[in-house]
Amino acid sequence: YFPRSEAESIMRKASSLTAEGGVVIVSMNRNYKATLVWRALSQLTRPAQSIKATNLETGSYWTINVYHVGEAGLVG
């Protein structure tokens with residue numbers, strides 16, 4: 001995971017490298033740091049889609065969010 005303090009700048013960088021109409025996909029395992037990063041990203045934009053994937057053997061799960069990129073960057 002990248003530092004929480006860099007969440008917004010990394011997301012902006014990823015969207016600047018993505019063509020208009022494209023998507024940025026962020027996936028994080030469930031933990032305290034991920035909660036902080038999701039909170040920071042929610043201040044920047046809203047996901048177009050969000051799903052959870054679960055490892056049935058361990059019970060661990062990941063949240064996977066898809067963000068649209070428009071002409072001016074992230075669309076939210």
Compare every heavy atom of Arg30 with every heavy atom of Gly59, then report the nearest pair and how far apart it is. O-NH2, 4.4 Å
With rounding to the nearest 0.5 angstrom, report the NZ to CH2 distance, Lys33 to Trp38. 13.5 Å
Smallest heavy-atom separation, Val24 atom then Met11 atom, equals CG1-SD, 3.8 Å
Please name the pair of heavy atoms, one in Gly70 and one in Glu20, separated by the smallest distance, quoted to 0.1 Å. C-CG, 3.7 Å
Given the rule that I, L, V, M, F, W and Y join up when any side-chain heavy atoms are under 4.5 Å apart, are Val26 and Leu36 in one cluster? no
CZ of Arg46 to CG of Asn65, rounded to nearest 0.5 Å, is 12.0 Å
Ile64 side chain reached by Ser50 side chain, heavy atoms, under 4.5 Å: no
Please round to the nearest 0.5 Å and tell me the distance separating atom OH of Tyr61 and atom NZ of Lys52. 5.0 Å
Can a side-chain donor-acceptor contact be found between Asn55 and Ser60 if the only test is distance below 3.5 angstrom? no
With a 4.5 Å limit on heavy-atom distance, are the side chains of Val66 and Pro47 in contact? no
Roughly how far, to the nearest 0.5 Å, is CD1 of Ile25 from CD of Gln49? 9.5 Å
So do Leu44 and Arg12 actually touch side chain to side chain, heavy atoms under 4.5 Å? yes
Here the pair of heavy atoms bringing Arg4 nearest to Val37 is CA-CG2, 4.1 Å
Test your reading of the model: is there a side-chain donor-acceptor pair from Thr45 to the backbone of Leu41, 3.5 Å cut-off? no
